[in-house]
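For the numbers below, each heavy atom of this structure counts, side chains included, while hydrogens, waters and symmetry mates do not.
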Amino acid sequence: MSGPAVRIDSLPEPVVALLRAVHEALDLPLPGLTDADERAYHVLMHDRASHARVVLSGVLDNGHNLGPAAAMLNQWTAGAPVTYTPWIDRGGAA
């Protein structure tokens, strides 16, 4: 794609809010090494990605207002917190 550069600070606040909500929904810490942590991570990522797709579909396909869409995604994300043990890089130490 070519054209003028578009920076985040030049976008309307509702657009920024929706971008931040999608980022927050999908920015999960890597899971710990147990099978249970791996499963919980994948279930949570699937659920959050599904919520993001629903919100984006509403905006892109149905003309929903971006501000309330971002708020809804934030609410769904807050209702589905990380419950697994995140992976910790111990630099090779046991």
Worksheet item: Would you say V22 and V55 make side-chain contact, with heavy atoms under 4.5 Å?
Response: no
Worksheet item: Would you say M45 and L56 are hydrophobically clustered, going by side-chain heavy atoms of ILVMFWY under 4.5 Å?
Response: yes
Worksheet item: With sequence neighbours left out, what residues match P4 under side chain to side chain contact (heavy atoms under 4.5 Å, CB included)?
Response: none
Fill in: With sequence neighbours excluded, residues passing side chain to side chain contact (heavy atoms under 4.5 Å, CB included) with V16
I8, L11, E13, R20
Worksheet entry | CZ-CZ distance between R53 and R48, expressed to the nearest 0.5 angstrom | 14.0 Å
Tabulate below the donor-acceptor pairs under 3.5 Å that side-chain atoms of residues 58-80 make, not counting sequence neighbours, or state none.
residue : atom : partner : partner atom : Å
D61     : OD2  : S57     : OG           : 3.1
N65     : OD1  : G67     : N            : 3.0
N74     : ND2  : A70     : O            : 3.3
T77     : OG1  : L73     : O            : 2.9

Without placing hydrogens or testing angles, list every side-chain donor-acceptor pair under 3.5 Å for residues 26-42, not counting sequence neighbours.
residue : atom : partner : partner atom : Å
T34     : OG1  : D37     : N            : 3.0
T34     : OG1  : D37     : OD2          : 3.0
D37     : OD1  : T85     : N            : 3.1

